[in-house]
Amino acid sequence: MQRKKRSDELYQGMVKTFPYAAGRTDEEMKRPYIGIANTWTNHFPGHVHLNQITQAVEQGVYMGGGTPAVFGTIAVADCTIGSGLLPNMSLPSRDLIADSVECMTYASKFDALVLVAGCDKIIPGMLIAAARLNIPTIVVTGGAMLPGKIKGHQVDITSGKFIQDEVAAGRLNQNDIDNLWKHMCPGMGACAGLFTANSMACITEIIGMGMPGNGTIPAVYAERIRMAKEAGMQIVKLFEEDIKPRDIMTRKAFENAIRIDMMMGGSTNTVLHLLAIAAEAEVPLTVDDFAQLSQTTPEICKITPSGKHYIVDLYEAGGIQAMMKQAADNNMLHENEMTVTGKTVIENCKNAEVLDPEVIRPFSEAYHQTGGLNVLRGNIAPEISLVKSAAVPLNMWRFKGPANCYDSEQAARAGLLNGEIKPGQVVVVRYEGPKGFPGMPEMATLILMIQEAGLGDSVALITDGRFSGMTSGPNIGYICPEAAVGGPIAFIENGDIIEYDIEAGTLQVHVDAETMAKREAKWTAPEPKITTGFLGKYYSMVGPSSKGALVRGPFDKR
């Protein structure tokens with residue numbers, strides 16, 4: 001017994017040796033040990049400033065009475081990824097990020113976490129980790145980029161059609177075009193519109209896992225640094241009060257997130273990520289919840305690419321808290337859910353107000369009486385398809401046309417350049433789902449090419465792939481089951497008549513069931529495009545988009 005006691009004491013001494021060797025003092029060793037995940041990289045603007053944000057969090061932890069321990073993890077952004085198979089790492093990186101945070105947290109025995117992120121799949125990766133680990137956690141995002149300017153006009157990465165028109169009118173010259181890419185993104189932060197990064201930063205605030213202002217404070221504002229310090233101080237209080245992510249991310253909190261997301265018309269990727277986060281938090285959530293809430297939620301905000309405003313405009317109009325207060329005033333918010341501030345949703349937003357009704361419209365002047373995201377179903381998409389209705393021209397809310405089928409996005413791009421895609425068609429792009437590619441690539445390039453070709457209000461696109469938040473136009477994605485597993489989209493042929501109705505929530509191919517069954521009988525499942533390395537493992541374990549495209553091990557039956 002004495003030997004075992006000495007052995008335990010020796011082990012505990014060894015555990016303390018490394019922190020002392022890293023420079024920790026006796027006082028630091030007594031305090032709550034707070035892990036800070038930093039996804040800094042100088043590779044792209046959404047994360048280039050995160051060292052400064054992380055340092056502010058670190059200072060806040062010290063001020064709050066904790067001991068910070070900073071560690072790094074990866075950051076992959078859609079816009080830094082080229083075409084082809086191997087570069088497709090954006091969505092797969094989400095689960096890898098969650099795994100890395102889990103690994104470091106268990107190995108380091110952190111008491112609580114602050115997770116610092118800025119872009120695309122990185123924020124949802126952090127939220128998945130928070131739900132999985134369920135120790136006190138705050139997510140701090142890097143903030144939005146300010147819009148760029150070209151000859152007095154505000155621009156961002158979706159302004160290609162506007163630039164083309166200005167060139168055609170003679171108001172922009174070749175020198176302007178040569179320097180275009182230096183002006184569209186003027187500096188640090190997540191791209192200036194309501195794309196995936198800023199949509200997820202807003203969702204983090206709405207669901208209660210981020211501090212008020214997390215979604216809209218611009219990256220270059222000192223207020224962002226102050227918020228990071230406050231998060232560092234607050235995490236110590238969350239540890240002391242034992243408030244955990246699953247106390248915050250309840251079923252009602254997810255409903256709040258969906259509701260405000262519909263009001264602002266966020267990225268279609270928010271549906272994919274919320275389904276994944278809810279699954280990790282063991283909160284029941286399905287596509288039907290999005291469909292039902294969309295039907296009763298007015299769209300009151302149009303941020304680029306859906307409209308002319310930018311995230312900085314939403315910030316100046318009162319931000320996410322003002323939108324939540326407006327929802328509460330109209331009995332559309334669960335008010336008593338806990339948040340990382342240690343206060344309820346309504347306590348956080350009770351003094352918020354809309355400062356610019358042009359940016360955040362009153363419900364009586366909503367753009368639409370249904371939400372900015374819509375779920376469509378039918379014989380092409382029995383489980384799910386999604387459209388960012390906020391960005392669809394009114395003349396394209398209902399559409400019928402012949403199918404023009406491509407088995408990859410690259411083939412569709414080539415078809416567009418060759419003049420194969422014409423007004424009135426429904427372009428079908430398949431084998432781009434979670435397993436099909438693998439990795440479910442976003443289709444921003446194809447969408448921008450369609451817009452710049454002047455076809456954005458006369459051609460529809462349907463795909464089992466996904467879209468970035470830059471989606472603009474009648475683009476229907478995330479179709480499930482995907483083609484690679486024998487989903488109906490695999491059996492569509494050129495010339496088949498496809499019809500959708502956004503208001504009715506339908507997506508159909510006008511081919512009878514018997515004919516589709518005969519086509520299915522002749523269909524052969526494709527061989528995996530890659531079977532080794534990270535993407536090979538991802539292919540073998542990734543689930544359907546209707547359940548968030550989560551990676552699950554063979555024994556995880558959730």
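Heads up: numbering here begins at 1 and tracks the sequence.
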CD (E503) with more than 12 external heavy atoms under 6.0 Å:
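Incorrect, the count does not exceed 12.
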Scan [range] for pairs that pass salt bridge (charged side-chain N to carboxylate O under 4.0 Å, His left out), counting only residues two or more places apart or in two chains.
| range | value |
| --- | --- |
| residues 293-319 | E299-K302 |
| residues 255-269 | R251-E255 |
| residues 452-473 | D78-R466 |
| residues 147-156 | K151-D176 |

M262 vs F290 side-chain heavy atoms within contact, under 4.5 Å:
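Yes - at least one pair of side-chain heavy atoms lies under 4.5 Å apart.
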Taking the side chain as every heavy atom from C-beta outward, state whether F363 and M332 have any atom pair closer than 4.5 Å.
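Yes, side chains in contact.
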Only one of N374, T370, V375, L507 passes side-chain contact (heavy atoms from CB on, under 4.5 Å) with I502; say which it is.
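Among the candidates, only N374 passes.
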Once rounded to the nearest 0.5 Å, what's the spacing between atom CD1 of I138 and atom OG1 of T341?
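Here the interatomic distance stands at 9.0 Å.
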Interatomic spacing from CZ in F195 to CD1 in I303 - rounded to 0.5 Å:
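With rounding to 0.5 Å, CZ (F195) is 10.5 Å from CD1 (I303).
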Sub-3.5 Å donor-acceptor pair from the side chain of T304 to the main-chain atoms of S306, do we have one?
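Not confirmed, T304 side chain does not pair with S306 backbone.
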Return all side-chain donor-acceptor pairs below 3.5 angstrom for residues 205-223, not counting sequence neighbours, or 'none' if the list is empty.
from	atom 1	to	atom 2	distance (Å)
E205	OE1	G213	N	3.3
E205	OE1	N214	N	3.2
E205	OE1	G215	N	2.8
E205	OE2	G213	N	3.1
E205	OE2	Q321	NE2	2.8
N214	OD1	T141	N	3.1
N214	OD1	T141	OG1	3.2
N214	ND2	T141	OG1	3.2
N214	ND2	A201	O	3.1
E223	OE1	Y315	OH	2.4

Would R361 pass as a cation-pi partner of Y367, given that its NZ or CZ must be under 6.0 Å from the six-membered ring centre and within 45 degrees of the axis?
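Cation-pi check for R361 and Y367: passes.
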Can you find a side-chain donor-acceptor pair between T73 and S100 that sits under 3.5 Å?
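Present: a donor and an acceptor within the cut-off.
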Sequence neighbours left out, what passes salt bridge (Lys or Arg N to Asp or Glu O under 4.0 Å) with R398? Give chain and number order.
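Partners of R398 by the salt bridge (Lys or Arg N to Asp or Glu O under 4.0 Å) criterion, ordered by chain and then number, come out as E499, D501.
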